[in-house]
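We use all heavy atoms of the structure for the numbers below, so side chains are in, but hydrogens, waters and symmetry mates are not. Treat the numbers as computed from the prediction; the structure is a model and nothing was measured.
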Amino acid sequence: MSDLCRFIHAEKANYPIVLLCQVLHVARSSYYAWRDGEAARRKRQAADDALAHEITVLHIASRKTYGVPRIHAELRRLGQRVNRKRIARIMRERDIRGVTRRKHRSLTRPDKKAKPAPDLIGRDFHAERPGIKLVGDITYLPTAEGWLYPAGWTWPPARSSAMPWPTTTAPNSSSTLSTWPTAAAHWNPTA
């Protein structure tokens, strides 16, 4: 609507306002209300620009970490009563963003459609002698270079004799799966 009113205002020197309003299907009262509100709009824009300057100063002072809630709290602490939604709008319009902490995302989410692996030892982890029942596990650890996926296997009675497993950068990569036979062939459980 304001675009049409701006067009009418720009063309009123060339054509009568009545004709422009009829052609563009704009009520004359709407055009005149828009024209009379121009001073209020400019005043509001100037107030928004001043508030944006204060928001920018607070944002830079916080090393660009403060978002809407903290900027709102700081402005309230300084004695300014400003609506939080107005602060959010001004920050959004000027692309001022705070730092948000990433939510921890678990990497091991079971596939709902996948068939569970069979329990070959029937949840009985006791073995008469070493090397009869082998138990394995894989986990992931955050490192500076990304996630590390170490895996290991052992027989249940001697858990301290776990063999370190070759690692990879992805839990299901072919390099991990290809090292199973090689590692198993070179492992001597009696040593």
Go through the steps for Asp48 and Arg41 under the test salt bridge (Lys or Arg N to Asp or Glu O under 4.0 Å), then give the verdict. CA-CA 10 Å; Asp48 281 353; Arg41 276 193 302 280; over 6 Å; no

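Checked for salt-bridge contact, Arg94 and Asp49 meet the test: a charged N lies under 4.0 Å from a carboxylate O.
Closest approach of Cys5 and Trp34 over heavy atoms only: CB-CD2, 3.4 Å.
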Side-chain atoms of residues 13-31: list all donor-acceptor pairs with protein atoms under 3.5 Å, sequence neighbours left out, distances to 0.1 Å.
{"from": "Asn14", "atom 1": "ND2", "to": "Glu11", "atom 2": "OE1", "distance (Å)": "3.1"}
{"from": "Tyr31", "atom 1": "OH", "to": "His9", "atom 2": "ND1", "distance (Å)": "3.0"}

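The side-chain contact (heavy atoms from CB on, under 4.5 Å) with Ile55 is formed by just one residue from the set Ile60, Val68, Ile87; it is Ile87. Just one of Arg76, Met91, Glu54, Arg84 meets the side-chain contact (heavy atoms from CB on, under 4.5 Å) condition when paired with Ile71; it is Met91.
Note on Ile96 and Val57: separate hydrophobic clusters, where clusters join Ile, Leu, Val, Met, Phe, Trp and Tyr whose side-chain heavy atoms are under 4.5 Å apart, directly or indirectly.
Under a cut-off of 6.0 angstrom, the local environment of NZ in Lys64 is sparse, with at most 12 non-hydrogen atoms contributed by other residues, nucleotides or ligands. Atom CZ of Arg86 sits in a crowded spot, with more than 12 heavy atoms from other residues, nucleotides or ligands closer than 6.0 Å.
Side-chain N or O atoms of His59 include none that pairs as donor or acceptor with a backbone N or O of Gly98 at under 3.5 Å. Within the 3.5 Å criterion, the main-chain N or O of Asn83 finds no donor-acceptor partner in the side chain of His72.
For the pair Leu51/Gln80, a side-chain contact is recorded, criterion being any heavy-atom separation below 4.5 Å from C-beta on.
With sequence neighbours excluded, the residues satisfying side chain to side chain contact (heavy atoms under 4.5 Å, CB included) with Glu93 are Arg89. Applying the side-chain hydrogen bond (donor to acceptor under 3.5 Å, both in side chains) criterion to Arg70, with sequence neighbours excluded, gives no partner residue.
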